[in-house]
Structure formats: structure tokens, C-alpha cells
Student: 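Got a structure for you, questions after.
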Amino acid sequence: MTNSIDLGPIRSSHEAPPAERADAAANRARILDEAKALFEARGVGEVTMADIATAAGVGKGTIYRRFASKGELCLSIMDDQLRAYQDETLASFRQQRAARVDALTILGDFLESWIGFTEAQLPLMCEVQRDGLHADDHTAPYFWLHMTVVGLLRAAAREDRVRPDVDLSLAADLLLAPLRADMLRFLREGRDYSQAEIARGLREHLGGLT
């Protein structure tokens, strides 16, 4: 079994932004701080970009030059958490491969961990998704998720754990579809499934790829 998993440029969705002037950086930090305070007080869905601009003491033009949409602003609020999650995920992959854990098991663990992360950030994740920062945008979480799942499926294929006729890109999309923020909210709140039950269902689906 190989100890490597080809995930491509895993940090591509979070490259360091260009250096900002001190005043611009201060404005950006103030906007994000005020947005977080308003979201905590009123809920993400009840706060407009105009509300945030007023609270931060900037014009609407200023806030939209910084963030094209509320979804983009929400993604910026989650940036530190997403970076930490990516780093923890990579460390976990390395430990599991060193312990000779097979790629499909690692993939099941990864999907389960993403369920927990998404639920912890659910209002922000729903707003990101609502704004369309979901599939083809390289700055959106889904781009990294899809790349990671495909990488793990390729590793599983090299281990002869995935049928050769499986379209790995499509399989990744189908595995991730229930984990869209709105669908996960429906499964948790509308269907009353636990995180463990959803993860178990995904692992059962993975068994169908062998």
C-alpha cells in the first residue's frame, strides 16, 4: 500500500491575500468583527450588508469593494477555521497512511469529520452556498472538498478497492451532495438523523463502489 495520497494543490483555496495597507487592513478587520457580532446577535440570515456597513462605520461601496457578497464575507469569517481544518485533515491522513489504513476507510472518516465541521459553521456555510460560492469557484470550500475526495478515491482505486468503471469525479459529487449545507440541515433538522447515522449511510454508499 502506498503511503501517499495525491490531493493536488490542497491549499489553493486559501492562498495568502495580497498585502494590504494598514488602514485597509484595519477596515477589513472591523467589518468582519462587526459582522460576527451582528450574526451572533441576530442570526446570519437576518443581517444585511447595509447593516454591517453601518455597524462598521463604512459606506456600502466600501464594504462591497472588500466583499462582493455576504457569502464571500462569511467565507472570510471562516477562513481561520477552514485553514485549521485543512491542516488537521492532512495530519490525520499522514498518520492513517503511516498506520496502513486503507483509503476508503480514510475517506469515510474524512466525510464524517466534514459533517461535524459543517454543522459547527452551518449558518455561515448556508450563506456561502446561497451566494453560489460552491462548485467551480476555487476559493469555495467545495472545490477543496471535491479535490480531496477524488484524491482518496484514486488512492482506493490503486488499492483495487474501487471498480474500474466508476467515474471518480461523479462519485465524489454524489458522495458530497448530502453534505451541502442546506441538505445537511434538512437531514439533521427535518429528518432528525444524527451525525453518526449520516456518516454510516455514506460509508454504506462507499461499499457500493468496490
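It should be emphasised that the depicted structure is a prediction, and the values quoted were computed from it without experimental measurement.
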Student: Linking I/L/V/M/F/W/Y whenever any side-chain heavy atoms sit under 4.5 Å apart, do Leu38 and Tyr64 land together?
Tutor: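 Looking at the clustering, Tyr64 is in the same group as Leu38.
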Student: I need the Ile115 CD1 to Ser194 OG distance, nearest 0.5 Å.
Tutor: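 So the CD1 of Ile115 and the OG of Ser194 are separated by 9.0 Å.
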Student: Under 6.0 Å between the ring centres of Tyr142 and Trp114?
Tutor: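 Not under 6.0 Å, so no.
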Student: Is Leu122 reachable from Met183 through a run of hydrophobic residues whose side-chain heavy atoms are each under 4.5 Å from the next?
Tutor: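 No: no chain of side-chain contacts under 4.5 Å links Met183 to Leu122.
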Student: Do Asp79 and Arg83 meet the salt-bridge criterion of a basic N to acidic O distance under 4.0 Å?
Tutor: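 The answer is yes: the pair qualifies as a salt bridge.
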Student: Phe67: what forms a ring pair (Phe, Tyr, Trp, His ring centres under 6.0 Å) with it, not counting sequence neighbours?
Tutor: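 Applying ring pair (Phe, Tyr, Trp, His ring centres under 6.0 Å) to Phe67 gives none.
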Student: Using side-chain heavy atoms (C-beta onward) and a distance below 4.5 Å, is Glu119 in contact with Gln195?
Tutor: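 In short, these two side chains touch, coming nearer than 4.5 Å.
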Student: Transitively linked via ILVMFWY side-chain contacts under 4.5 Å: Phe186 with Leu179?
Tutor: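 The answer is yes; both residues are in one hydrophobic cluster.
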Student: Search all heavy atoms of Leu168 against all heavy atoms of Val150 and return the closest pair with its distance.
Tutor: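 So the two residues come closest at O-CG2, 4.0 Å.
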Student: What heavy-atom pair brings Pro141 and Leu75 nearest, and what distance separates the two atoms?
Tutor: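 That would be CD-CD1, 3.6 Å.
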Student: Counting C-beta onward and ignoring hydrogens, is there a side-chain heavy-atom pair between Thr148 and Phe93 closer than 4.5 Å?
Tutor: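 Thr148 reaches Phe93 side chain to side chain.
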Student: At what distance, to the nearest 0.5 angstrom, does CG of Leu153 lie from CG of Leu209?
Tutor: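 The CG atom of Leu209 is 6.5 Å from CG of Leu153, to the nearest 0.5 Å.
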Student: Is any NZ, NE, NH1 or NH2 atom of the basic residue among Arg97 and Glu159 found under 4.0 Å from an Asp or Glu carboxylate oxygen of the other?
Tutor: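 So Arg97 pairs with Glu159 through a salt bridge.
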Student: Only counting residues at least two apart or in another chain, list the ones meeting ring pair (Phe, Tyr, Trp, His ring centres under 6.0 Å) with Phe39.
Tutor: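 None.
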Student: Please determine whether a side-chain nitrogen of the Lys or Arg among Asp51 and Arg42 lies less than 4.0 Å from a carboxylate oxygen of the Asp or Glu.
Tutor: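 Answer for the salt bridge query: yes.
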Student: Which heavy atom in Thr118 sits nearest to a heavy atom in Ala181, and how many Å separate them?
Tutor: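 Shortest heavy-atom contact: CG2-CA, 4.3 Å.
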Student: How long is the span from the OG1 atom in Thr54 to the CD1 atom in Ile63, to the nearest 0.5 Å?
Tutor: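 Output value for this atom pair is 9.0 Å.
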Student: How are the rings of Phe117 and Tyr85 set relative to one another: parallel (under 30°), tilted (30 to 60°) or perpendicular (over 60°)?
Tutor: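 Plane angle between 30° and 60°, so tilted.
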Student: If the threshold is 4.0 Å, N to carboxylate O, is there a salt bridge linking Asp109 and Arg203?
Tutor: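 Arg203 and Asp109: salt-bridged.
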